[in-house]
S.K.: 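Okay, here's the structure, questions in a sec.
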Amino acid sequence: MEEQLNVMLEVKNLAVSFYNKSGEIQAVRDVSYQLKKGEVLGIVGESGSGKSVSSHCILRLIPDNGKVRSGEILFEGKDILKMSQKEMQNLRGNRISMIFQDPMTALDPLFTVEYQLNESLKKHTGMGSAERKKRMVELLELVGINQPERRLKQYPHELSGGMRQRVMIAIALSCSPNLLIADEPTTALDVTIQAQIIDLLKELKEKLGMAIIFITHDLGVVSDICDRIIVMYAGKIVEEGTSREIFYQHRHPYTQGLLESVPDIGKDQNERLKPIKGNPPDMSSVKPGCAFAPRCREAMRICVREEPPLMELSEGHCAACWGLLGAVEK
Amino acid sequence: MQTIQYIIKRVILALVSLFAIVTMTFFLMNLMPGDPFMSEKASEESRAILIAKYGLDQPVYVQYGRYLKNLAKGDMGTSYVLQKGRDVSQIITESFQTSMKLGIRALILAVIVGIILGCVSGLNKDKLPDSIIRIVTSIGISMPGYVIASILMLVLAVRLGILPVSFNRPGGAVMPIIVLATYPTCYLARLTRASILEVMNQDYLRTERAKGMSELVVVFVHALKNSLIPVITYLGPLTASILTGGFVAESVFNVPGLGRYFVSSISSRDYTMIMGITIFYSALIVFMNLLCDILYKIVDPRIKFD
Ligand SMILES: Nc1ncnc2c1ncn2[C@@H]1O[C@H](COP(=O)(O)OP(=O)(O)OP(=O)(O)O)[C@@H](O)[C@H]1O
Ligand SMILES: [Mg+2]
C-alpha cells in the first residue's frame, strides 16, 4: 500500500504503431513499467528499439502517423491518454518536461533564449515579468551558464551545443517539474560535454528531487545516475531491474550483449569490445518467437516459436528469456 | 555600425550596376533601326533639321557622354515624341503615381492572399483545400497576364457588366489590380506552402509543444515566422514582377501609368523616355532588393551584415 502511494507514473500495456504506405510498424509492443517519486529510470536499447516513441507518448508527442493502439499511462493516477488538449498543455513543460537529443535543432533560431525561456514561465506560473526575469537568471545559473544576463539576450546560433543543451535543461526545469524525460540528451554532444551534462543532471536530481526518465543507447552513460534500468529490444522490455542487477546480475543475453559493447563497463580493460552481431528486426513484419532469437548465442528451438513472457527473477528484477525458465521455477 | 557599412557597400554596388544598365541600354537603343522622328509627316529636310537639333547626328559615344553629363546634373532631358518638350522626370513622376497606386494595392493583395492561401494549403497537406489551392495556383502561375486580362474583361466587364472597361470610371482599377496580383499571389502561395511544410517538421516545434504551448502559438508564432524567411527574400523580385506585370495590365486596360509609357516609348523610339524609365525602373528594383535584404537580416538573427 505504502509502495502504491509512491508511484508517480505507471505505464500499462502500452502499444504504439506507425502507419505508412508500406503498412504498420509496431514500434512499441506491450510495455509496462512504474516510476516512483524521485526515482531515476534508465531506458536503454539499440537504435529503433522504441525508447523514444514509448517515452514521447507520456507527453503525447509522437508524430502524426503514429497511434497508441492500447494501454494506459497513469500520471498521479490520471490517464494521460484520456486527457483533453487543454489538460495536456497544462501538464507539458509544467509537471512533466522533456529534453531532446539534438540541442542544435531543438531551439527556435529566430527567438532569443529569454523569449523561449519566458514562454513556459508565462504559461505555467503566475509570476510577474520582473519575477520571471529573476527566475530566468537563476535558472541559467542553476544549469551552469555564466553571464546569464548576457546569454538571455542571445540567439541559439550564438551558443555552443553544450550551452544549448543547458538552455534546454533550464527550460525543462523552469516550472519545477515532477518528472523530467531526457531523451538521449548527450548523444549529439562530444565526450567531455557529455560528461558535463550528465554531471549536471545528477546534481540537479539531488538538488531538486524530481523523477527522471533517462533514455540512452549507451549503458556506460547511465551506470551511476539511474536507480533502475529498463532494457528494450524491438519495442518490448526484455529485462528490468535495479542498476546493480542490470550491470552485475543481468540474465538476458541481449543485456549481456549490450554490456559487452560498452567500453568502460567491462572490468578487464584489455578485453576487446564485442558489438552484438546482426541487426535489430524489421518492425513492420513481426514474427512469432523471441525477437532477439536470430541474434542470440543461446537460442533454443522454443525461442523461434513462442515469445517468452517477462519472468520475475527476484522482486523487481524481470527478464523475458526462455533460458531462464529453469531458474524461475526453482 | 555594421548595418551602416553594409548599406553603404550595397548602395555603391547598386550605383555601379545602374551605370552598367544605363550604358548598355543607351548603346542597344541606338542599334535599333529608326529614329524618334521617323513617323513625322515631315519632309526629309525638316527631319534632318530635327535630328541635328537634338544632336542625334553625332557619333553615339558623343551622345552618350552628353547624356551622362546631363544625367549627373539630374537632367534626363525632354521627351522627343510622346509628350514632346515635357521633362522626362516630370512625366515619370506623374505616371508613376498612377502605377504605384495600382502596384501597392496589388502587392498588398498578393502578400496577404498569397500567404493565407499558402498557410491553408500547407497546414492541410493533401486534403481537399490543399488540392484546390494547388490546382488554382498552378493555373495562375502559368497563365500569361494578357490572357487573364482578356478573360476578366470578357466576363466581368462585357458579359456581366459589373465592372467598367475604362480605367477612369469608378471601379476601373479593380481589373488591373487583379491582373497585377495574380502571378505573385499564386507564386507566394506555393512558396509559403513549401516553406510551411518544411518548417512543420522541425525539432523546435516539438520543443514548443513539449513546453505546453498551444497549437496556435506553435503554428502562428514559431512555424509562421520561420516559414516567412524565404518569402521575404522573394519580396524584392516580387516588386519587380508587379512592375513588369504593369506593362501588360496598363496597356490592356489603358492605364496612363509608367508601364504603358515604357512600352510606347520603345515603339516610338523616344530615346530620352526609354532611358529615363529604364533608369527609374532599375533604381527602383535595386532599391527594393536592398530593402528586402535588410528586412531579411532583421528577421533572421543568424544572418550577419557583411
Ligand atoms: N514517424 C515515424 N514513422 C514511421 N516509423 C517510425 C516513426 N518514428 C519512429 N518510427 C519507428 O519506430 C521504431 C522505434 O523508434 P524510436 O525512435 O522509438 O527508437 P529509439 O529506440 O528511440 O532509437 P534511437 O536510439 O535511434 O533514438 C523504429 O523502428 C522507427 O523506425
Ligand atoms: Mg530515440
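By convention in this document, chain letters (A, B, ...) are assigned in the order of the sequence lines, proteins followed by strands, and residues within each chain are numbered from 1. Just so you know, these numbers use all the heavy atoms, side chains as well, and skip hydrogens, waters and symmetry mates.
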S.K.: Please determine whether the number of non-hydrogen atoms from other residues, nucleotides or ligands lying under 6.0 Å from atom CZ of B/Phe220 exceeds 12.
M.R.: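 No, CZ of B/Phe220 has 12 or fewer neighbouring heavy atoms, counting only those of other groups under 6.0 Å.
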S.K.: Would you say CD of A/Glu76 has more than 12 non-hydrogen atoms from neighbouring residues, nucleotides or ligands within 6.0 angstrom?
M.R.: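 Counting other residues, nucleotides and ligands, CD of A/Glu76 exceeds 12 neighbours.
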S.K.: Do we get B/Arg302 above A/Tyr155's six-membered ring, with its NZ or CZ under 6.0 Å from the centre and within 45° of the axis?
M.R.: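 No, B/Arg302 does not sit over the ring of A/Tyr155.
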S.K.: May I ask you to name which of A/Pro156, A/Pro109, A/Ala172, A/Ser97 has the most heavy-atom pairs under 4.5 Å with chain B?
M.R.: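 Most heavy-atom pairs within the cutoff with chain B belong to A/Pro109.
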S.K.: Please check if the number of heavy atoms outside B/Tyr234 that lie under 6.0 Å from its OH is greater than 12.
M.R.: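 More than 12 heavy atoms, drawn from other residues, nucleotides or ligands, come within 6.0 Å of this atom.
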S.K.: As an exercise, state the distance from CG of A/Leu61 to CG of B/Leu205, rounded to the nearest 0.5 Å.
M.R.: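 These two atoms lie 11.5 Å from each other.
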S.K.: Going from OG on B/Ser214 to NZ on A/Lys86, what distance comes out if it is rounded to the nearest 0.5 angstrom?
M.R.: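 Going from the OG atom of B/Ser214 to the NZ atom of A/Lys86 covers 7.5 Å.
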S.K.: Among A/Cys175, A/Gly93, A/Ala106, A/Ser120, which residue forms the greatest number of heavy-atom pairs with chain B at distances under 4.5 Å?
M.R.: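 Most heavy-atom pairs within the cutoff with chain B belong to A/Ala106.
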S.K.: For the interface with chain B, which of A/Met104, A/Gln116, A/Met98 has the highest count of heavy-atom pairs at distances below 4.5 Å?
M.R.: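 Looking at each option in turn, the highest pair count goes to A/Gln116.
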S.K.: Measure the spacing between CG of A/Asn94 and NZ of B/Lys211 and express it to the nearest 0.5 Å.
M.R.: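 Reported value, rounded in 0.5 Å steps: 13.5 Å.
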S.K.: Closest heavy-atom contact between B/Pro301 and A/Leu110?
M.R.: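 Minimum heavy-atom contact is CD-CD2, 3.6 Å.
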S.K.: If you count every heavy atom of other residues, nucleotides or ligands that lies below 6.0 Å from A/Asp64 atom CG, does the total exceed 12?
M.R.: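 For A/Asp64, atom CG is not crowded (no more than 12 foreign heavy atoms under 6.0 Å).
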S.K.: Would A/Phe100 and B/Thr207 count as a side-chain contact (heavy atoms from CB on, under 4.5 Å) if you check the C-alpha gap in whole Å, the side-chain angles of each, and the deciding distance to 0.1 Å?
M.R.: CA-CA 8 Å; A/Phe100 299 96; B/Thr207 306; 4.0 Å; yes
S.K.: What's the spacing between A/Asp183 CG and B/Arg206 CZ if we round to 0.5 Å?
M.R.: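 With rounding to 0.5 Å, CG (A/Asp183) is 7.0 Å from CZ (B/Arg206).
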S.K.: Please flag which part of A/Met88 lies under 4.5 Å from any non-hydrogen atom of chain B: side chain, backbone, both or neither.
M.R.: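 The answer is neither part of A/Met88.
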S.K.: Minimum heavy-atom separation for B/Val221 to A/Phe111, with atom names?
M.R.: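 Taking B/Val221 first and A/Phe111 second, the nearest heavy atoms are CG1-CZ, 3.7 Å.
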S.K.: Rounded to the nearest 0.5 Å, what separation is found between the CG atom of B/Asp203 and the CG atom of A/Asp102?
M.R.: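 Atom-to-atom, B/Asp203:CG and A/Asp102:CG are 6.5 Å apart.
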S.K.: Go through the atoms of B/Glu215 and report whether side chain, backbone, both or neither lie under 4.5 Å from a heavy atom of chain A.
M.R.: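 Backbone of B/Glu215 only, per the 4.5 Å heavy-atom cut-off to chain A.
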S.K.: May I ask you to check whether A/Glu119 and B/His222 show a side-chain donor-acceptor distance below 3.5 Å?
M.R.: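 Distance-only check passes for A/Glu119 and B/His222.
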S.K.: Give a yes or no on this: more than 12 heavy atoms of other residues, nucleotides or ligands lie within 6.0 Å of atom OH of B/Tyr146.
M.R.: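 For B/Tyr146, atom OH is not crowded (no more than 12 foreign heavy atoms under 6.0 Å).
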S.K.: Measuring from B/Met213:CE to A/His124:NE2, what's the distance to the nearest 0.5 Å?
M.R.: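 Separation between the atoms: 5.0 Å.
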